[in-house]
Amino acid sequence: AVEGWRLMFVGVDGGAAHTCALSADGRVYCWGKNSSGELGRGHTSAQPEVAPILSTSVSSFAAISTGNQHSCARSNKGEIWCWGDNASGQLGDGTIVDRSTPVKVVGLGGAAVSIAAGDGFTCAVTSEGAVMCWGLNAESTLGNNGTSNSSVPVSVVTGTGALSGELAVYAGRVHACARGTSDIWCWGDNSYGALGNAGTFNDSKVAIQVTDVTSATELALGAFHSCARLASGGVRCWGSNFFGELGNGTTANEWTSVAVSSLANVTKLADLAGANCALQTSGAVRCWGHNSSGQLGTGGTGNSTVPVVVSSLTAFSIGGGYTHACAVVADGLQCWGANGAGQLGDGTTTNRSSPVDVILP
């Protein structure tokens with residue numbers, strides 16, 4: 001060990017039962033469940049210990065995103081590399097073979113500027129503003145006006161042609177959205193209104209425009225709901241609300257967006273399956289929604305229909321898994337929530353309702 005050196009992180013994201021983090025020097029570290037090779041270490045044994053993915057030809061990564069049982073990272077050159085479950089072609093390498101080491105996505109058609117991994121599918125935005133998706137398409141999550149899976153990227157389309165001019169893409173479990181400078185387009189499952197178009201109540205095979213949110217600077221998509229961070233620092237959500245994941249003090253589903261109660265100065269969102277977390281300018285993190293595994297970080301397991309403060313946490317960035325969440329902090333990483341596969345990285349498999357330190361190498 002070099003005296004005075006310590007591992008620093010700039011981003012973190014979680015899947016169903018694994019977690020990956022991006023270090024300040026562009027390396028990707030993963031831990032937790034590994035049954036499909038989603039930790040990228042060349043094997044499929046569970047690994048609660050934090051360790052880097054096996055090396056690729058990429059010297060540095062700029063962004064990460066984790067799906068159910070697969071993970072992806074975008075290089076500084078705009079390449080996308082993925083690993084883990086590939087049963088539906090979600091790794092984008094032209095096969096349906098699981099990979100325990102990273103493989104490069106083929107046929108993207110340009111350098112990627114944004115990536116998002118969902119439940120069996122992956123999407124990206126290229127530097128030209130095109131939106132591409134690949135993998136599972138049973139719920140029309142590829143947005144290409146079909147339902148057939150694809151192991152290579154296909155273009156997301158609207159009713160009039162290819163979706164273009166977008167800045168970033170986001171993935172939930174069974175729906176996805178893209179954000180432009182003043183528009184949001186969503187596609188896939190719409191059982192509870194997650195697509196945000198009040199006039200359309202069915203699943204959509206093509207991208208449809210969210211009707212009442214125009215100033216979004218970030219999105220966060222859960223299992224059946226969506227949220228948007230606004231330029232003003234507030235947050236609006238729409239879709240399912242079984243556990244209070246819309247944050248407006250009720251449990252009524254909403255087909256159009258509602259304001260999250262008493263939440264301001266938000267700088268980043270994190271989505272969980274039935275919950276959300278928001279990072280504020282002060283470094284405080286507030287979460288709301290489902291809490292059966294302690295994923296709200298309050299020290300208990302009761303659901304909350306309004307944002308509540310995560311205990312004793314000052315964060316620089318946040319990320320969410322299905323039922324756990326993590327934060328980048330001054331001296332490393334902290335996580336909380338479900339931990340059955342060691343996804344919290346604290347050396348145990350015990351659920352935690354308050355943040356615990358991730359044990360770093």
Side-chain angles (χ1 to χ4, degrees), residues 11-16 18-22 28 38 61-75 78-86 88-92 105 108-127 129-137 139-144 150 152-156 163 166-180 183-189 194-196 207 210 216-229 239 268-273 276 317-322:
V12 62
D13 197 22
H18 76 289
T19 309
C20 291
L22 179 67
V28 178
E38 55 263 51
F61 288 101
I64 57 171
S65 184
T66 54
N68 180 6
Q69 291 182 203
H70 77 290
S71 311
C72 293
R74 175 175 62 85
S75 76
E79 299 171 340
I80 295 179
W81 294 74
C82 298
W83 56 96
D85 180 25
N86 199 27
S88 302
Q90 58 263 49
L91 303 189
V105 174
L108 192 59
V113 297
S114 176
I115 59 170
D119 193 346
F121 70 100
T122 312
C123 295
V125 175
T126 70
S127 56
V131 185
M132 313 289 289
C133 295
W134 56 95
L136 184 65
N137 203 22
E139 303 290 341
S140 302
T141 44
L142 303 190
N144 66 332
S150 179
V152 295
V154 294
S155 296
V156 175
L163 182 60
E166 301 306 292
L167 301 175
V169 67
Y170 307 85
R173 290 188 66 179
V174 286
H175 75 293
C177 298
R179 176 181 59 83
D183 59 353
I184 301 171
W185 296 79
C186 299
W187 57 94
D189 186 280
L195 304 189
V210 175
T217 54
E218 183 190 18
L219 303 180
L221 311 187
F224 299 103
H225 75 283
S226 307
C227 293
R229 173 169 61 90
K268 186 170 178 56
L269 294 175
D271 58 274
L272 290 77
N276 309 278
S317 186
I318 54 174
Y322 280 21

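What you are looking at is a predicted structure, and each value in this text was computed from that prediction instead of being measured. Counting begins at 1 with the first residue of the sequence.
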Just verifying a value: how many Å separate [X] [atom1] and [Y] [atom2], rounded to the nearest 0.5 Å?
| X | Y | atom1 | atom2 | result |
| --- | --- | --- | --- | --- |
| L269 | E218 | CG | CD | 4.5 Å |
| Y322 | D271 | OH | CG | 9.5 Å |
| H225 | R173 | NE2 | CZ | 12.0 Å |
| H70 | C82 | NE2 | SG | 5.5 Å |
| L195 | L221 | CG | CG | 9.5 Å |
| L108 | I80 | CG | CD1 | 5.0 Å |

Tell me the closest heavy-atom pair linking [X] and [Y], and the distance in Å.
| X | Y | value |
| --- | --- | --- |
| V113 | S127 | CG1-CA, 3.8 Å |
| G84 | L91 | O-CD1, 3.5 Å |
| V152 | S150 | O-OG, 2.6 Å |
| C20 | S71 | SG-OG, 3.7 Å |
| S114 | A168 | OG-CA, 3.5 Å |
| W134 | A124 | CH2-CB, 3.9 Å |

Using a 4.5 Å cut-off on heavy atoms from C-beta on, say whether the side chain of [Y] contacts that of [X].
| X | Y | value |
| --- | --- | --- |
| F121 | N137 | no |
| T66 | E38 | no |
| M132 | C123 | no |

Check whether any side-chain N or O of [X] sits under 3.5 Å from a backbone N or O of [Y] as a donor-acceptor pair, and report yes or no.
| X | Y | value |
| --- | --- | --- |
| T141 | L136 | yes |
| S226 | A194 | yes |
| D13 | I64 | no |

From N68, T122, D85, residue fulfilling side-chain hydrogen bond (donor to acceptor under 3.5 Å, both in side chains) relative to Q90: D85

side-chain contact (heavy atoms from CB on, under 4.5 Å) partners for L163, two or more places apart: V131, V156, T158, E166, A178, W185, W187, A207

